[in-house]
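All remarks here apply to the structure that follows.
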Amino acid sequence: MTNRQLTADLAVVGTGVAGLSAALRAAELGLRVVALTKNTIEDGNTRWAQGGVAVVLPGSGDSVDAHVADTLAASAGLGDEAAARSILAAGPAAVSALRARGAVFDGSAGELEHTREGGHRAFRVIHAGGDATGAEIERALAGAAQSGQLPVLEGQSVTDVLRDDTGRVAGLALLGEALGTGVLRSRAVLLATGGLGQLYTVSTNADAATGDGLALALRAGAMTADLEFVQFHPTVLHLGAGSRGRQPLVTEAIRGEGAVLLDITGAPVMTGVHPLGALAPRDVVAAAITRRMAQTGSDHVLLDTTHLGSAELRRRFPTVHAVCVALGLDPAREPIPVAPAAHYQCGGVVTDTSGRSTVPGLYAAGEVARTGLHGANRLASNSLLEGLVVGTRAAEAVAADLAVSPRPGPPLPPCPLRLVGDRDAIQRSMSAHAGIGRDATGLAAAATVVRAAPWRRLRTPRDAEDAGLTLAAAAVLAAASARTETRGCHLRTDHPRTAARWQRSITVVLDDVGTPVVAQPMLVGGVA
Ligand code: SIN
């Protein structure tokens with residue numbers, strides 16, 4: 001297959017839960033679909049998700065209203081109620097469809113086990129393989145893709161979403177192993193590339209999470225929003241000073257089963273901080289841990305899981321248990337050292353709840369998208385559900401839109417030069433200045449590091465990643481500098497209060513020279 005022969009109705013970039021849900025549904029609808037990934041099909045972020053899928057189970061006594069209320073409470077005033085209701089109400093059907101594709105959740109067929117995580121007032125998080133939920137979902141979807149003979153191009157980087165002279169999406173510019181350098185003509189493109197955890201020195205994210213989709217969307221002229229809200233997971237295994245890259249998660253579900261957060265003196269961290277204690281929303285817990293680490297002069301706190309005992313830890317949390325044991329730590333006998341690390345991009349490409357962006361022919365779903373579900377802080381385990389629901393709907397939206405849209409003209413060539421920053425320098429400055437606790441001086445210092453990036457041609461997939469990371473960092477910094485208040489995951493030490501005038505989403509677009517700028521007007525609610 002050469003790139004000249006390859007054309008599609010829909011090109012899906014990314015093969016995590018959102019991308020594969022979309023690609024499989026598109027194939028069912030008879031669209032000519034191709035999925036692309038810069039790695040291998042299973043090598044994205046989805047497989048590392050531990051906790052589970054938040055969903056209201058029939059007969060559980062829970063309700064969609066309660067799930068929506070918890071989601072909005074966690075969102076710190078920026079969640080879009082209509083979007084949340086639309087996505088969360090579709091949860092049970094989405095989970096049934098996933099089970100029909102072969103995913104196996106813990107519990108019996110008639111009654112799935114369900115647990116709690118931070119910010120949830122009900123036991124509504126279903127899980128698979130104990131704490132290996134993402135891996136099971138990825139296994140089932142990748143298996144379905146394989147048995148359905150879905151075309152998946154592995155090792156294929158995308159450097160641009162191409163548009164025709166009317167601004168409509170016309171294809172993708174490629175750089176990679178599968179097709180080399182060239183163009184894939186496609187009437188629609190769905191970005192499902194995951195997040196941007198690799199903007200920071202330590203993250204729970206796969207190495208692939210370099211902000212590619214956000215950068216592709218910005219360069220294609222799409223509106224983005226809520227980028228300042230980078231969620232830090234409170235309990236990531238602390239591997240010692242100087243450790244870099246993807247760090248093992250210690251799922252919040254362990255706190256749902258009673259684990260306690262202590263500082264290094266043994267004092268509880270969450271007492272008196274929030275009515276939900278250790279199960280407060282994630283932004284609250286991560287900020288409380290960060291404060292306590294500063295007070296005690298330590299780079300970590302402790303998570304005491306000893307009450308669970310060895311057998312229960314092995315049964316319910318096999319991934320966490322195995323990682324601890326491999327490091328010589330027995331979580332049944334001693335507390336686990338943990339610290340916050342970058343985990344989730346709450347904002348992203350502005351879309352409706354069917355994945356439509358502001359650019360004709362461009363769609364986004366999953367972590368790269370901003371539907372309004374998460375607002376300023378995502379509720380735990382809402383993201384796998386969002387990926388399933390919006391990914392599937394995006395395929396349906398593409399089918400409906402293509403039926404009434406003109407065919408795009410020839411794709412216009414993109415500008416070959418990019419700002420390609422030094423990854424290590426960007427990660428260090430983002431971690432120092434754009435993590436939990438930011439101020440104007442630090443954000444400006446980080447922006448100076450990003451602006452020092454030279455213009456270059458992209459020659460390798462690594463260059464493409466570094467260019468995406470550079471643009472994504474600049475966009476996050478633009479939004480974080482503009483929001484002069486503290487809200488959700490955005491904690492400004494120079495503006496420590498939440499301000500009513502900021503109860504709206506900051507939108508970011510590229511200006512004429514390709515610099516991310518805060519756009520007017522800002523959003524109140526979604527685009528739908
Ligand atoms: C976790 O297992 O704690 C992570 C779940 C999530 O990020 O939603």
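Side chains included, hydrogens not; waters and symmetry mates left out as well; all remaining heavy atoms used. For reference, positions follow the sequence shown, starting with 1. Read the numbers this way: they start at 1 and go in the same order the structure lists the ligands and their atoms.
Arg292 places no side-chain N or O within donor-acceptor distance of the main-chain N or O of Ile264, the cut-off being under 3.5 Å. A donor-acceptor pair under 3.5 Å is absent between the side-chain atoms of Thr353 and the main chain of Ala83, judged by distance alone. Of the possible polar contacts, one joining the Glu136 side chain to the Val104 backbone as a donor-acceptor pair under 3.5 Å is found.
By the 4.5 Å heavy-atom criterion applied to side chains, Thr305 and Val250 are not counted as neighbours.
Under the 4.0 Å criterion applied to side-chain N and carboxylate O atoms, Asp106 and Arg316 are not assigned as salt-bridge partners. Salt-bridge annotation for Arg315 and Glu113: present, with a side-chain N of the basic residue lying under 4.0 Å from a carboxylate O of the acidic one.
Taking distance alone, with nitrogen or oxygen atoms compared against 3.5 Å, Ser383 stays at or beyond that limit from ligand 1. Residue Arg378 has at least one N or O atom closer than 3.5 Å to an N or O atom of ligand 1. Below 3.5 Å of separation, one finds an N or O of Gly51 facing an N or O of ligand 1. Considering backbone and side-chain N/O atoms, Gln50 never comes within less than 3.5 Å of an N/O atom of ligand 1.
Each of the following atoms of ligand 1 lies closer than 4.0 Å to a heavy atom of Glu117: 1 (C), 3 (O), 5 (C). Of all atoms in ligand 1, numbered sequentially from 1 with element shown, those under 4.0 Å from a heavy atom of His343 are 4 (C), 6 (C), 7 (O). Of all atoms in ligand 1, listed by their number and element, those nearer than 4.0 Å to a heavy atom of Ala380 are 8 (O).
Residue contacts with ligand 1 for Gln231 are absent, since no atom lies close enough (heavy atoms, distance under 4.0 Å).
For the side chain to side chain donor-acceptor pair (under 3.5 Å) test with Glu228, the passing option among Arg483, Arg487, Arg492 is Arg483; the others fail.
Closest to atom 2 (O) of ligand 1, if we only count protein heavy atoms, is Thr251 OG1, 2.6 Å.
Closest to atom 6 (C) of ligand 1 by heavy atom, among Glu252, Arg282, His233, is Arg282.
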